[in-house]
Enquirer: 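Dropping a structure here in structure tokens format, bear with me for questions.
This is a predicted model, so every value here is computed, not measured.
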Amino acid sequence: SPLFSWRGNLDMSLDMERDEDSSDNLRFKTSNEFLKGYWRDNLDGFWEIRKTNGDEDRHNYNLTNSLDYFWNQQWFWSGNTNYQRDFHDDLYLELKYGSGPGYRFYNDKSGRFEIGSTLGRQAYHYHSKSDLSFAILTFNWDYRRFLLDKELLELYTTGEYSYPYTDAADFALTAEAGMRIRLTQHL
């Protein structure tokens with residue numbers, strides 16, 4: 001593996017609507033992966049603010065960090081944290097952290113496929129009711145496959161299935177899937 005490498009992106013969007021209600025919505029999203037020796041560090045962030053008719057009605061951000069240590073080409077140990085803050089909703093703070101093993105099936109020019117599991121804690125903090133904190137077991141996946149030469153078109157899915165040790169919920173599923181065209185790498 002290289003001594004040090006970095007791969008990342010930054011997305012920005014501004015949505016402006018002018019009709020009966022005018023709204024401005026500004027979003028920033030970043031995703032970064034740092035590699036050094038046996039270590040991999042993923043650092044992701046999201047920030048959003050929205051004003052409707054001049055009044056702020058949405059303002060939140062999210063920070064996620066995952067630090068992985070690879071024992072060999074396939075097996076790794078992962079530790080991760082997720083911090084979400086909302087300045088308008090009753091649920092104003094979500095915090096999740098955990099640690100556990102993972103397995104990489106492949107990571108080459110054709111793509112990447114990894115699965116993992118973590119055991120940790122999750123907490124919800126509310127303005128108007130008592131806080132909720134519980135243990136959680138999570139299974140996650142990361143699948144990426146390049147469909148054309150030179151990594152132009154990518155098929156991907158990432159997600160996690162969580163089993164909380166509480167009566168408040170049976171399970172949680174967070175996933176995304178899609179296809180990306182990587183234009184700026186080929187200009």
Enquirer: Quick one: does S5's side chain get under 4.5 Å of E33's, heavy atoms only?
Expert: no

Enquirer: If I compare all heavy atoms of E20 with all of N53, which pair ends up nearest, and what's the gap?
Expert: O-OD1, 4.3 Å

Enquirer: What are the two closest non-hydrogen atoms of D86 and L91, and how far apart are they?
Expert: CB-O, 3.7 Å

Enquirer: Looking at R144 and E114, is any side-chain nitrogen of the basic one under 4.0 Å from a carboxylate oxygen of the acidic one?
Expert: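 Salt bridge flag = no for R144 with E114.
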
Enquirer: Can you confirm if the NZ or CZ of R40 lies within 45° of the ring axis of F76 and under 6.0 Å from the centre of its six-membered ring?
Expert: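 Positive - R40 is close enough to the ring of F76 and near enough to its axis.
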
Enquirer: Kindly compute the distance separating OG (S128) from OH (Y92), expressed to the nearest 0.5 Å.
Expert: 10.5 Å

Enquirer: Looking only at heavy atoms, which two atoms of S66 and D41 are closest? And how far apart?
Expert: O-OD1, 3.2 Å

Enquirer: How long is the span from the CZ atom in R85 to the CG atom in L93, to the nearest 0.5 Å?
Expert: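 One finds 6.5 Å between CZ of R85 and CG of L93.
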
Enquirer: For the pair T64 and T81, evaluate side-chain contact (heavy atoms from CB on, under 4.5 Å) and give the outcome as yes or no after the intermediate values.
Expert: CA-CA 6 Å; T64 302; T81 59; over 6 Å; no

Enquirer: If you look at every heavy atom in G79 and D68, which pair is closest and at what distance?
Expert: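 Smallest heavy-atom distance, with atoms named: N-OD1, 4.3 Å.
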
Enquirer: Throw together a table of side-chain donor-acceptor distances under 3.5 angstrom for residues 165-176, partners on residues two or more places apart or in other chains.
Expert:
| from | atom 1 | to | atom 2 | distance (Å) |
| --- | --- | --- | --- | --- |
| T166 | OG1 | A168 | N | 3.3 |

Enquirer: Would you say the side chains of T118 and S99 form a donor-acceptor pair under 3.5 Å?
Expert: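 No - no donor-acceptor pair under 3.5 Å links their side chains.
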
Enquirer: Could you tell me if W141 and T158 have a donor-acceptor pair between their side chains, going purely by distance under 3.5 Å?
Expert: no

Enquirer: I would like to know whether I49 and R27 meet side-chain contact (heavy atoms from CB on, under 4.5 Å); could you show each step before the answer?
Expert: CA-CA 7 Å; I49 189 166; R27 289 184 213 99; over 6 Å; no

Enquirer: Look at the side chain of N62 and the backbone N and O of G45, then say whether any donor-acceptor pair between them is shorter than 3.5 Å.
Expert: no

Enquirer: So D15 and D24, do their side chains get closer than 4.5 Å, heavy atoms only?
Expert: no

Enquirer: So, R18 side chain and S23 main chain: donor-acceptor pair closer than 3.5 Å or not?
Expert: yes

Enquirer: Is there a chain of hydrophobic side chains (I, L, V, M, F, W, Y, each step under 4.5 Å between heavy atoms) that links F87 to F46?
Expert: no

Enquirer: One thing to verify: whether K96 and E160 come together as a salt bridge, which I'm taking to mean a side-chain N less than 4.0 angstrom from a carboxylate O.
Expert: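 Salt bridge flag = yes for K96 with E160.
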
Enquirer: Working to the nearest 0.5 Å, report the span between CG of L35 and CZ of F4.
Expert: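 L35 atom CG to F4 atom CZ measures 8.5 Å (nearest 0.5 Å).
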
Enquirer: Using every non-hydrogen atom in the two residues, find where R145 and Y106 come nearest and quote the distance to one decimal.
Expert: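 What the structure gives for the nearest pair is NH2-OH, 2.9 Å.
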
Enquirer: Check step by step if side-chain contact (heavy atoms from CB on, under 4.5 Å) holds for S110 and F146.
Expert: CA-CA 5 Å; S110 68; F146 295 111; 5.8 Å; no

Enquirer: Shared ILVMFWY cluster between Y126 and L95, side chains joined below 4.5 angstrom?
Expert: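 Unlinked, Y126 and L95 end up in two clusters.
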
Enquirer: Is a side-chain donor-acceptor pair under 3.5 Å present for T52 with D21?
Expert: no

Enquirer: So do the side chains of L153 and M179 get within less than 4.5 Å of each other, counting heavy atoms only?
Expert: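 SC-SC contact between L153 and M179 confirmed.
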
Enquirer: Is Y124 reachable from I136 through a run of I, L, V, M, F, W or Y residues, each pair having side-chain heavy atoms under 4.5 Å apart?
Expert: yes

Enquirer: If you count heavy atoms of other groups shown closer than 6.0 angstrom to CD of Q74, is the number above 12?
Expert: yes

Enquirer: Does a donor on one side chain sit under 3.5 Å from an acceptor on the other, for T138 and N140?
Expert: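 No.
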
Enquirer: Is it true that R112 and D142 make a salt bridge, defined as a side-chain N closer than 4.0 Å to a carboxylate O?
Expert: yes

Enquirer: Would you call the rings of H59 and W47 parallel, tilted or perpendicular if under 30° counts as parallel and over 60° as perpendicular?
Expert: perpendicular

Enquirer: Does any donor atom in the side chain of N32 or W6 lie under 3.5 Å from an acceptor atom in the other side chain?
Expert: yes

Enquirer: Indicate if Y143 and Y103 have the same hydrophobic cluster label, given that clusters are the connected sets of ILVMFWY residues with side-chain heavy-atom separations under 4.5 angstrom.
Expert: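 The answer is yes; both residues are in one hydrophobic cluster.
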
Enquirer: Run the side-chain contact (heavy atoms from CB on, under 4.5 Å) check on Y156 and R180 step by step: do they pass?
Expert: CA-CA 8 Å; Y156 72 94; R180 289 188 266 249; 3.5 Å; yes

Enquirer: Is it the case that the side chains of N25 and E48 hold a donor-acceptor pair, with the cut-off being a distance below 3.5 Å and no angle test?
Expert: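 Present: a donor and an acceptor within the cut-off.
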
Enquirer: Do L132 and F134 have side-chain heavy atoms sitting under 4.5 Å apart?
Expert: yes

Enquirer: Should W75 and F70 count as side-chain neighbours, where that means a heavy-atom distance under 4.5 Å?
Expert: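 When only atoms from C-beta onward are counted, F70 and W75 do not touch, as no gap falls below 4.5 Å.
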
Enquirer: Locate the shortest heavy-atom distance separating S162 from P164; write the atom from each residue and the value.
Expert: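 Between these two residues, the closest heavy atoms are O-CD, 3.5 Å.
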
Enquirer: Is there side-chain contact between R121 and Y97, with heavy atoms separated by less than 4.5 Å?
Expert: yes

Enquirer: Ring centroid separation for Y69 and W77, is it under 6.0 angstrom?
Expert: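 Not close enough - the centres of the two rings lie 6.0 Å or further apart.
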
Enquirer: Is the shortest heavy-atom distance from the side chain of L26 to the side chain of F28 under 4.5 Å?
Expert: yes

Enquirer: Measure from the side-chain N and O atoms of T30 to the backbone N and O of N9, and report whether any donor-acceptor pair falls under 3.5 Å.
Expert: yes

Enquirer: Using the ring centroid of each side chain, check whether Y163 and Y161 are separated by less than 6.0 Å.
Expert: no

Enquirer: Less than 4.0 Å between a side-chain N and a carboxylate O, is that true for E56 and K51?
Expert: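 Salt bridge absent between K51 and E56.
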
Enquirer: With distance as the sole test, does N65 use its side chain to make a donor-acceptor pair with the main-chain N or O of N42 at under 3.5 Å?
Expert: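 Side chain of N65 to backbone of N42: a pair is present.
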
Enquirer: Can you see whether H125 engages D131 through a side-chain donor-acceptor pair at a distance of less than 3.5 angstrom?
Expert: yes

Enquirer: Can you tell if the side chain of Y61 reaches within under 4.5 Å of the side chain of Y83, non-hydrogen atoms only?
Expert: yes

Enquirer: Are L10 and M12 connected in a single hydrophobic cluster, I mean Ile/Leu/Val/Met/Phe/Trp/Tyr linked by side-chain heavy atoms less than 4.5 Å apart?
Expert: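 Per the 4.5 Å side-chain linkage, M12 and L10 are not co-clustered.
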
